[in-house]
Amino acid sequence: MNKNDNSSNPNSTIEEKRKRIRHSTAHVMADVVTQMFPEAKLAIGPPTNDGFYYDFLIPKPFTNEDLEKIEKKMAKVINSNFSFEYHEYTKKEIIEQNKDEPLKLEIIDGIPENETISTYSHGNFEDLCAGPHVESTKEIIAFKLLNVAGAYWKGDESRPMLQRIYGTAFESQDALDTHLSNLEEAKKRDHRKLGKELDLFSIDDQVGSGLIIWHPNGAIIRTLIEDMWKKEHYLSNYNLIFTPHVGKANLWETSGHLEFFKENMFSAIEMDNVDYYLKPMNCPFHIKYYQSDIRSYRDLPLRTSEIGTVYRYERAGVLHGLLRVRGLTQDDAHIFCRPDQVEEEINGVLDLTLKIMHTFGFNDFSIKISTKPTKAVGEDEKWELATNSLKNTLEKRNIEYEIDEGGGAFYGPKIDIHIKDAIGRFWQCTTVQFDFNLPHRFGLTYIDDNGKENQPFMIHRTLLGSLERFFGILIEHYAGAFPTWLAPIQAMIIPITDKHYEYCKEISEKLSANNIRVKYDTRNERMNYKIRDAQNKKIPYMIIVGDKEIDTKSGSLRKRTGENIGVLSIDDIQNMILEDSLQNNNS
RNA sequence: GCUCCAGUGGCGCAAUGGCAGCGCAGCCGAUUUGUAAUCGGCAGGUUAUAGGUUCGAAUCCUAUCUGGAGCUCCA
């Protein structure tokens, strides 16, 4: 019996084929590793989205040299054209077969009694496995081992640390090469690298890990994002507020953060025998604003928003550049509304999200609704109303979404929006989250049209997520070449010789006066050097000026793409840059 | 937090037990240049921190800190 035959299956996609190839490559790797390191015990070796891994229990971790040796030996095995054979066993037989593989025995133990237990073998190597595989090792055309890392057995930190080898495999050398060059491309776009090169931000040991220093170039971009964000929020009838960075323990007790979120909070600051905590979230402050007055049904919806910096203690190993930090600035808002307003509010949030995301050049989204988990607070009708509003809003707009059944937080359903970047990666930014817990804990009310007290719906929402993280995503999305409206410097004026400095200054002043971010380069270097430098700094426009331009009151315009537009009047240059600086222009 | 790897001028790197060096950036000077790097000079380091081994440590050992690849986590 052979379960590998998929030749007659028209639904067999390239993804499925790759899965088989990768899964099979993982087997070949395990084969070689057990030959080279007889003491290694096998864990699991599945295919992943873009490769595979195999986990081994082994006293000494693998080195890079080991990896090279393993890779060479794998090539030999693959060239032997072993076929993958399917076998079935009784539980008793398989236990006997794996008596020296403690981790395999644990997996076998978890297989239900009545289920078929299968293995696949190639050459002398046989591994507990449900398949499927390729028919023969010769179908593994191109593979590469990538790196080694520790991984907990069954992802449980209390279990032993295994050694995981990552690799990838493809049906052709070309496909593998493309994949490897995509990895290179992602490395080139790494926001940590570009952050240094373009002088956007830094993280300093002495300040602390996960705490961002925004340099002038980064700060210009942040300011532009914030200004645009504020403008759009005022247009959408949000109230912008400011709230403190610390609050007394009592507040966090009422909100439940000290009960449920304490391990992510910075320790207490004690003053005058009272504990204060740095805020890990803005919501309690927004609630306090809500409660600063009696609210009537006529006041609702009440939308409070704030670009608020919060502090969360993240474990050292999870910090990552701008993408995972300890001090993050949320573009936060809270909507307090009546049940009959819920759907319209969700709709409004969606409008605003899409508008803002389009402005940043994100046009592909993946949307997920998470519904009620088994352990939850709040009445069923509220969950139902909220969840249906989320679904209805998307359906009325013909937006596709997935449902994560039971994936919501205990306090309410939510919708997450993932944006697709220029190289096809998805990032989660926007979340819109109902909260049935805080209104209850704080006893939020509004007076309805019968003069009776009612509890409002409360919705947390953040569009960009955190400014730090979003900035990191933007850097990688644009590979540092920000669109003109976001570019820290929009134009660099480059004189041909030092005779032209005066004219540079003149046009610089004119363009600045018209809100163009412009600089001119008076270093003692040649024009070509300055062009190269401006281009490396990804400045959208270069204006080169010499005798000819002075005579005709013009400039020679060049783009960072290398395109030479030619000599234009200063007015034309100015208009061109201003036109290109419009926020909805993402070219 | 865990496993492994790494930390050398602002940045990128070299020196593997025996004189801390190179390139870029910076500064000074020469050059006055027409669309991606002109030439010469100068300056810049307690080799992450603390301790140890050694006649001698960037290099070996221990601890701490920081970063990286992952794991776990991201009510």
Side-chain angles (χ1 to χ4, degrees), chain A residues 53 55 57-64 66 146-166 187 190 192-193 195-199 202-210 255-265 280-281 312-321 323-326 328 373 375-377 408-412 414 428 431 433 435 437 465-466 469 494-501 523-537 542-549 555-567:
Chain A
Y53 64 83
D55 287 346
L57 181 62
I58 187 168
K60 207 172 139 281
F62 300 106
T63 62
N64 286 332
D66 291 337
L146 298 170
N147 55 319
V148 197
Y152 297 109
W153 171 230
K154 296 199 164 171
D156 181 343
E157 33 180 343
S158 66
R159 305 298 301 268
M161 178 69 76
L162 309 174
Q163 293 302 318
R164 174 173 295 180
I165 302 179
Y166 282 92
K187 253 191 212 165
D190 191 311
R192 294 165 298 183
K193 181 170 174 280
K196 239 174 226 168
E197 285 172 9
L198 303 176
D199 198 12
S202 62
I203 301 168
D204 185 276
D205 287 2
Q206 229 179 345
V207 175
S209 337
S255 69
H257 285 92
L258 283 178
E259 195 178 334
F260 298 109
F261 203 70
K262 194 167 185 189
E263 62 281 17
N264 280 294
M265 290 170 71
M281 293 186 193
R312 297 181 184 175
Y313 175 77
E314 301 281 2
R315 296 163 96 187
V318 308
L319 299 173
H320 184 87
L323 301 180
R324 191 82 180 266
V325 294
R326 286 183 175 155
L328 55 136
K375 268 183 83 180
V377 300
F410 75 89
Y411 52 81
K414 65 171 175 176
Q428 192 199 314
T431 78
Q433 173 109 49
D435 194 325
N437 186 41
S466 98
R469 184 178 145 82
I494 297 171
I496 288 173
T497 79
D498 52 11
K499 286 186 302 190
H500 310 122
Y501 287 178
R523 288 175 300 179
N524 185 10
E525 293 289 351
R526 294 168 52 175
M527 174 201 65
N528 276 342
Y529 176 93
K530 295 178 183 179
I531 289 175
R532 181 183 151 81
D533 189 55
Q535 203 134 319
N536 285 337
K537 286 181 178 150
M542 280 149 263
I543 303 166
I544 295 142
V545 296
D547 291 338
K548 277 192 287 182
E549 286 75 17
S556 174
L557 194 62
R558 181 193 163 99
K559 285 190 167 189
R560 64 181 163 200
T561 54
E563 186 189 349
N564 187 351
I565 295 175
V567 178

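Since the structure is predicted, the reported quantities are computational estimates derived from the model, not experimental observations. In the text below, chain A, chain B and the rest are named by the order of the sequence lines, each starting its count at 1.
Closest approach to the A:Phe261 side chain among B:G34, B:C71, B:A75 is made by B:A75 (side chain taken as heavy atoms from C-beta onward). Looking at the side chain of A:Ser209, the nearest of the listed nucleotides B:G12, B:A36, B:G67 is B:G67. Closest approach to the A:Asp205 side chain among B:U38, B:G1, B:U66 is made by B:U66 (side chain taken as heavy atoms from C-beta onward). The side chain of A:Asp547 sits closest to B:G34 out of B:A36, B:U38, B:G34. For A:Tyr529, counting side-chain heavy atoms from C-beta on, the closest listed nucleotide (B:C71, B:A25, B:A75) is B:A25. Here B:G12 is the nucleotide among B:A75, B:G12, B:U72 with the atom lying nearest to any side-chain atom of A:Lys196. You'll find that the side chain of A:Asn536 is closest to B:A36, out of B:A75, B:A36, B:C71. Considering only the side chain of A:Arg192, B:G68 comes nearest among B:A36, B:G68, B:G1. For A:Ile531, taking side-chain heavy atoms from C-beta onward, the closest of the listed nucleotides B:A36, B:U33, B:C71 is B:A36. Distance from the side chain of A:Asn147 is smallest to B:A69 among B:A69, B:A25, B:A75.
Across all their heavy atoms, A:Ala409 and A:Gln433 have their closest contact at CB-NE2, 3.6 Å. Here the closest non-hydrogen pair linking A:Lys187 and A:Lys193 is O-CD, 3.9 Å. The two residues A:Ile203 and A:Gly321 make their nearest non-hydrogen contact at CD1-O, 4.0 Å.
Computed from coordinates, the A:Trp153 CH2 to B:U3 C1' distance equals 17 Å when rounded to whole Å. In this structure, A:Leu162 atom CG and B:U72 atom C1' are separated by 13 Å, rounded to whole Å. When the P atom of B:G1 is taken as reference, atom CZ of A:Arg324 falls 14 Å away, rounded to whole Å. The CE atom of A:Met542 sits 9 Å away from the C1' atom of B:A36 (whole-angstrom rounding). To the nearest angstrom, C1' of B:U33 lies 7 Å from CE of A:Met527. Summarising the geometry, the separation between CZ on A:Arg532 and P on B:A36 is reported as 11 Å, rounded to the nearest angstrom. Rounding to whole angstrom units, CG of residue A:Asp204 and P of B:G10 are separated by 12 Å. As rounded to whole Å, 18 Å separates atom P of B:C71 from atom NZ of A:Lys154.
Using atom P as the reference point in both B:A6 and B:G17, the two lie 16 Å apart (nearest Å). Comparing B:C24 with B:C42, their P atoms sit 14 Å apart, to the nearest whole Å. Separation of the C1' atoms belonging to B:C60 and B:U53 is 8 Å when rounded to the nearest angstrom. Atom C1' of B:A15 sits at a distance of 7 Å from the matching atom of B:A20, rounded to the whole Å. Here, B:A14 and B:C73 have their P atoms 37 Å apart, quoted to the whole Å. Comparing B:G23 with B:G9, their C1' atoms sit 13 Å apart, to the nearest whole Å. Between B:U46 and B:U59, the two P atoms lie 16 Å apart (nearest whole Å). B:A43 sits 40 Å from B:U62 when the P atoms are compared, rounded to a whole Å.
Both A:Gly562 and A:Asp498 lie near RNA chain B, and the one whose nearest nucleotide falls closer to the 5' end is A:Asp498. Closest-nucleotide positions on RNA chain B for A:Gly321 and A:Ala409 were compared, and the one nearer the 5' end corresponds to A:Gly321.
B:G12 is paired with B:C22 under the criterion used here, namely a Watson-Crick or G-U wobble arrangement in which both key atom distances are under 3.5 Å. Across all strands shown, B:U54 forms no Watson-Crick or G-U wobble pair with both key distances under 3.5 Å. Using the Watson-Crick or G-U wobble rule with both distances under 3.5 Å, B:G40 pairs with B:C28. Across all strands shown, B:A75 remains unpaired; no Watson-Crick or G-U wobble contact has both distances below 3.5 Å. Under the Watson-Crick or G-U wobble criterion, with both distances below 3.5 Å, B:U64 is paired with B:A48.
A:Asn528 comes within 4.0 angstrom of sugar-phosphate atoms only, judged by non-hydrogen atoms across all strands, and of no base. A:Lys548 comes within 4.0 angstrom of a base, heavy atoms only. A:Met281 comes within 4.0 angstrom of a base, heavy atoms only. Among the protein residues, A:Arg523 comes within range of the sugar-phosphate backbone only, with heavy atoms under 4.0 Å from sugar or phosphate atoms but none that close to a base. Using a 4.0 Å heavy-atom criterion, one finds that A:His320 contacts the sugar-phosphate atoms exclusively. Counting any heavy atom pair closer than 4.0 Å across all strands shown, A:Gln428 reaches no nucleic acid atom. Counting any heavy atom pair closer than 4.0 Å across all strands shown, A:Glu263 reaches no nucleic acid atom. If you check every strand for non-hydrogen atoms under 4.0 Å, A:Asp533 touches nothing. Among the protein residues, A:Gly317 comes within range of the nucleic acid bases, having at least one heavy atom under 4.0 Å from a base atom. Contact annotation for A:Arg164: backbone-only contact, meaning every heavy-atom pair under 4.0 Å involves sugar-phosphate atoms and none involves a base. Within the nucleic acid shown, A:Asn264 has no heavy atom closer than 4.0 Å to any nucleic acid atom.
Side-chain atoms of A:Asp156 stay outside donor-acceptor range of the base of B:U72, with no qualifying N/O pair under 3.5 Å.
The NZ atom of A:Lys414 sits 12.5 Å away from atom CG of A:Asp435, with the distance rounded to the nearest 0.5 Å. Here A:Arg159 contributes atom CZ and A:Tyr152 contributes atom OH; the two are 13.0 Å apart, rounded to the nearest 0.5 Å.
The phosphate of B:U72 (OP1 or OP2) has no side-chain N or O of A:Arg159 nearer than 4.0 angstrom. Residue A:Tyr152 has no polar side-chain atom (N or O) positioned under 4.0 Å from OP1 or OP2 of B:C4. Using a 4.0 Å cut-off, no side-chain N or O of A:His500 falls inside it from OP1 or OP2 of B:U33. Between A:Tyr166 and B:C71 there is a side-chain polar atom (N or O) within less than 4.0 angstrom of OP1 or OP2.
A:Arg469 places a side-chain N or O within donor-acceptor distance of the main-chain N or O of A:Gln428, the cut-off being under 3.5 Å.
Using a 4.5 Å cut-off on side-chain heavy atoms (C-beta onward), A:Glu314 and A:Asn264 make contact. Using a 4.5 Å heavy-atom cutoff, the side chains of A:Met527 and A:Ile544 are in contact.
Residues A:Asp547 and A:Lys499 are paired through a salt bridge, judged by an N-O separation under 4.0 Å between the basic side chain and the carboxylate. With respect to the salt-bridge test (charged N to carboxylate O, under 4.0 angstrom), the residues A:Arg192 and A:Asp190 qualify.
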